[in-house]
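Computed from a prediction, not measured in an experiment: that's the story for all the values here.
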Amino acid sequence: MVLPMTMCGQEELELSRDGSHYSLTTGILPSLGARSNRRVKLRPLIISPYDRRYRIWETFLVTLVVYTAWVSPFEFGFLKKPQKPLSVTDNIVNGFFAIDIVLTFFVAYIDKTTYLFVDNPKQIAWKYAKTWFVLDLISIIPSELVAHISPAPMQTYGLFNMLRLWRLRRVSAMFSRLEKDRNYNYFWVRCAKLICVTLFAVHCAGCFYYLLAARYHDPEKTWIGESMKDFLQQSLWTRYVTTIYWSITTLTTVGYGDLHPVNEREMIFVIFYMLFNLGLTAYLIGNMTNLVVHGTSRTRKFRDTIQAASSFAHRNQLPPRLQDQMLAHLCLKFRTDSEGLQQQETLESLPKAIRSSISHYLFYSLMDKVYLFKGVSNDLLFQLVSEMKPEYFPPKEDVILQNEAPTDFYILVTGAVDLVVLKGGVEQIVGEAKTGELCGEIGVLCYKPQHFTVRTKRLSQLLRLNRTTFLNIVQANVGDGTIIMNNLLQHLKELNDPIMEGVLVETENMLARGRMDLPVSLCFAAERGDDLLLQQLLKRGLEPNESDNNGRTALHIAACKGKENCVLLLLDYGANPNIRDSDGNVALWEAILGGHESVTKLLAENGATLQIGDVGQYACTAVEQNNFNLLQDIMRYGGDITLPNNNVGTTALHVAVSEDNVEIVKFLLEHGANIDKQDKYGWSPRDLADQQGHTEIKAIFEAKGEANSKIQSFVSVPIPERQDSKVRYLGRFTSEPTMPTPQDGSFHGNDGSWIQNRPRRKNNNFHNSLFGIMSAATKGENDQFFSVQTNNNARNGVKSVLRPTRVTISCPEKCEVAGKLVLLPESFKELLEIGSKKFGIVATKVVSKDGAEIDDIEVIRDGDHLVFVGTGGVLDSNCTTPSNGVNS
């Protein structure tokens, strides 16, 4: 079994087994000393190489390898046969390594070619057998056994023991892990490794050199026999110390001359030993130099930087304050680097996803509280946090200069800054910014020179955001750009500062002239009642029916505010007056509720009606406000006050009974309210009156009589429907009220009002994006969902809602075979004009898809296919008349 694995950290592998398959959830290789709560799950009897207990075993074996590294050369040079207690100790050590050989057949490994985690016992055994098994097996064979089976003349005891130095690879692997382990100081690990290498070289060289003297035919003519005639009779300790003394003095190239080679064999050995010393000495000196330079290079670089900065300041005769700022910033950078505070360097070395997660964790809560970003979407805020660059500034350092180009703005994380203005050559502190406040945002958003010099009061950390990056992000989130600009203007108003008042006026003028780089929406202009800005945006091609996250269009907002000029502009540019927002409100209701009579009449004259919206909720609202005039306005503009609301089915009569409002109860009953109409919880107005004990209302209900308890609903505004070229009225003549049908263009949701006091949201408005503008350009003026016509048969001239008649028109003379879907006009003359305009011909007659000539608008029904015939066009030979009509 092989398991995917990634080598990228210091945590353990976590594997989960499902049947015969494994999945890797972390895939992280630890270094020695790493800690983790995760456990490895492998096949039964298979050991993880990163198991804590196996690591302890490996560490124990390393101590045994140190013993082997000393005893093997010693026995080779000084002993001719096994001697106690060394021989006994050797066999015990060999026993431990024999156990390790057995364990190795059950230890999973990492395939170095594919980086797959292997826990298959057969693959483990085969891999071990092909690599180190033979050498490991030879190294555990007892020396006594080898001496017994070997020929007598061969000095096999010490020579065979040298094969055990193969175990030194474990020490090398241990030092490699220690060097990468953050729990150990790298300098001291490297020093320990160099000391071990030096001692091992000295020990081996001394043992080999003594072997040459001890096995020479004339012991007195050797390097040790010259000074110690009876050295073979001397104690083992004396001989070993003498040997190590010679090895060290030779390695260090000191050579006092008291011990020197005598015969040729010794001279040849010393030659090669000295050549080896050259490489070893270079290795030691080079490593020690690197360690020292690594510890001092940062300080040296800092000193060079300070010297260069000082020379630059003196050469250019910079003022003392500017010199102090330069040196303070360089000193702060060195201090943060030396203390491990290299935040930006650390973040830049990581993948973008990890950087974004870290920035989100560190700074999102701070960004969420900044006034400029209140109410924006989580998506925008996350993108902005990911692009923020944290920076440190020492005390009394200028972050932004007055009149500087607006390239960046800052958010204060820690510390404080002064806002300084230069007037008449004198600096004046006009304000202070603290944690969570912005610096330089006015210049960036309004693209004006910075108004203030921003100077730190103490050590401060700030988040920097580039203007170009900021605008690129906001351009893709138009709704959020509107919120940001609204927050800025509101903040400038609340400051009550003469300087900021001037900035506010200038910013508003720039908005009106359309010179702001920050994208704004029609809703923003309507909220402010800025008809000039609204006209500029509409001229750019913005969709007049664009909505915010609550489904409210600019027409909703303008009607609610009573901005007649804005309403007129929007209607002139094709805004649909009958679009519902997420609460079921239409623009006409917003105007009626706000008491804006002129806007109400303007909307009604342009086809607005209440029947499209949640009329039941409108009536409930009027009853809650105890407003008779509002109820009458609802009826005047086509609303049925007896309908239930779309939420829970509550009628205005339910509310009136709950409020114990007797007069409104009477008024509603006079206009056809049903006392037995139940809401979705099963409560009727009669039940509410009984349950709440409203005696007078109960008496009114009882006076109606049992026979009239289910009053037929009265329709104040008939709804005509075109059928068979005649108009018939669909009245509501049953006791069960008809729920209004939601129309296309409505947006259902439960959010609050536009911008103010609303929860965070996800972007869902793309009208001002490139895609939205292109889509808006393709929409025709007939993309209306309803049309309002005057019904001559309706009483008192009340306007009623007509379901639109849609027909498909085509012109074979212009190769328009598929046709175009349009709304049927009121007269036949207008129909001919539409055909002439659409196809660029002089339409003389209209025929059906079967060829029958049509001369009266009344015979045309919804879904008919009309073919225009006229002059001014040439029939293309490739054009054919469709055999079947295209019906909507």
Looking only at heavy atoms, which two atoms of [X] and [Y] are closest? And how far apart?
X    : Y    : answer
N487 : K374 : ND2-O, 2.9 Å
T609 : N578 : N-OD1, 2.9 Å
D687 : G682 : OD2-O, 3.8 Å
L538 : L569 : CD1-O, 4.0 Å
A558 : V567 : CB-CG2, 3.7 Å
A575 : L555 : CB-CD2, 4.4 Å

May I ask you to test the [X]-[Y] pair for a side-chain heavy-atom distance under 4.5 Å?
X    : Y    : answer
T651 : L643 : no
W683 : Q678 : no
E833 : F828 : no
I484 : F470 : yes
I579 : S547 : no
L669 : L653 : yes
I641 : V615 : no
E663 : F667 : no

Can you check side chain to side chain donor-acceptor pair (under 3.5 Å) on D480 and S377, steps first, answer last?
CA-CA 7 Å; D480 290 323; S377 66; 2.7 Å; yes

Between K561 and E590, does any NZ, NE, NH1 or NH2 come within less than 4.0 Å of an OD or OE carboxylate oxygen?
no

Could you check, using the six-membered ring where one of them is a Trp, whether Y364 and F382 have ring centers closer than 6.0 angstrom?
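That pair fails the under 6.0 Å test.
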
Looking at [atom1] of [X] and [atom2] of [Y], how far apart are the two atoms once the value is rounded to the nearest 0.5 Å?
X    : Y    : atom1 : atom2 : value
E494 : L489 : CD    : CG    : 11.0 Å
K666 : I664 : NZ    : CD1   : 12.5 Å
R552 : D583 : CZ    : CG    : 8.5 Å
F701 : I675 : CZ    : CD1   : 5.5 Å
L570 : I557 : CG    : CD1   : 10.0 Å
S356 : H360 : OG    : NE2   : 10.0 Å

Report the C-alpha separation of H865 and S810 in whole Å, then their side-chain angles, then the decisive distance to 0.1 Å, and conclude whether the side chain to side chain contact (heavy atoms under 4.5 Å, CB included) test is met.
CA-CA 8 Å; H865 189 128; S810 64; 2.9 Å; yes

For residues 568-610, pull every pair meeting ring-ring contact (aromatic ring centres under 6.0 Å, His included), keeping only residues two or more places apart or in separate chains.
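Listed by first then second residue: W589-Y618.
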
Does Y371 have any ring pair (Phe, Tyr, Trp, His ring centres under 6.0 Å) partners at least two apart in sequence or in another chain, and if so, which?
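Applying ring pair (Phe, Tyr, Trp, His ring centres under 6.0 Å) to Y371 gives H491.
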
Quick one: side chain to side chain contact (heavy atoms under 4.5 Å, CB included) partners of N627, sequence neighbours excluded?
Q625, N629, L630

A591: partners by side chain to side chain contact (heavy atoms under 4.5 Å, CB included), with sequence neighbours left out:
A559, V599, T600, L603

Mind running side chain to side chain contact (heavy atoms under 4.5 Å, CB included) on I857 and E826 for me, showing each step along the way?
CA-CA 7 Å; I857 197 71; E826 295 183 356; over 6 Å; no

Just by modelled atom types, is the [Y] backbone N or O under 3.5 Å from a matching donor or acceptor in the [X] side chain?
X    : Y    : result
E659 : N661 : no
H556 : N585 : yes
Q611 : G639 : no
H654 : K677 : yes

Do any side-chain atoms of residues 693-700 form donor-acceptor pairs under 3.5 angstrom with protein atoms, and if so which ones, sequence neighbours left out?
residue	atom	partner	partner atom	Å
H694	NE2	V657	O	3.0
H694	NE2	Q692	OE1	2.7

Could you go step by step and tell me if H671 and T642 meet the side chain to side chain donor-acceptor pair (under 3.5 Å) rule?
CA-CA 8 Å; H671 290 82; T642 66; over 6 Å; no

How far apart are the C-alpha atoms of S848 and L866, what are their side-chain angles, what is the distance that settles it, and do they pass the side chain to side chain contact (heavy atoms under 4.5 Å, CB included) test?
CA-CA 5 Å; S848 67; L866 308 181; 5.6 Å; no

With D633, which residues qualify under salt bridge (charged side-chain N to carboxylate O under 4.0 Å, His left out), at least two apart?
R636

Let's go through V586 and D614 carefully: what are the C-alpha distance in whole Å and the side-chain angles of both, what is the deciding distance for side chain to side chain contact (heavy atoms under 4.5 Å, CB included) to 0.1 Å, and is it a yes or a no?
CA-CA 8 Å; V586 294; D614 190 353; over 6 Å; no

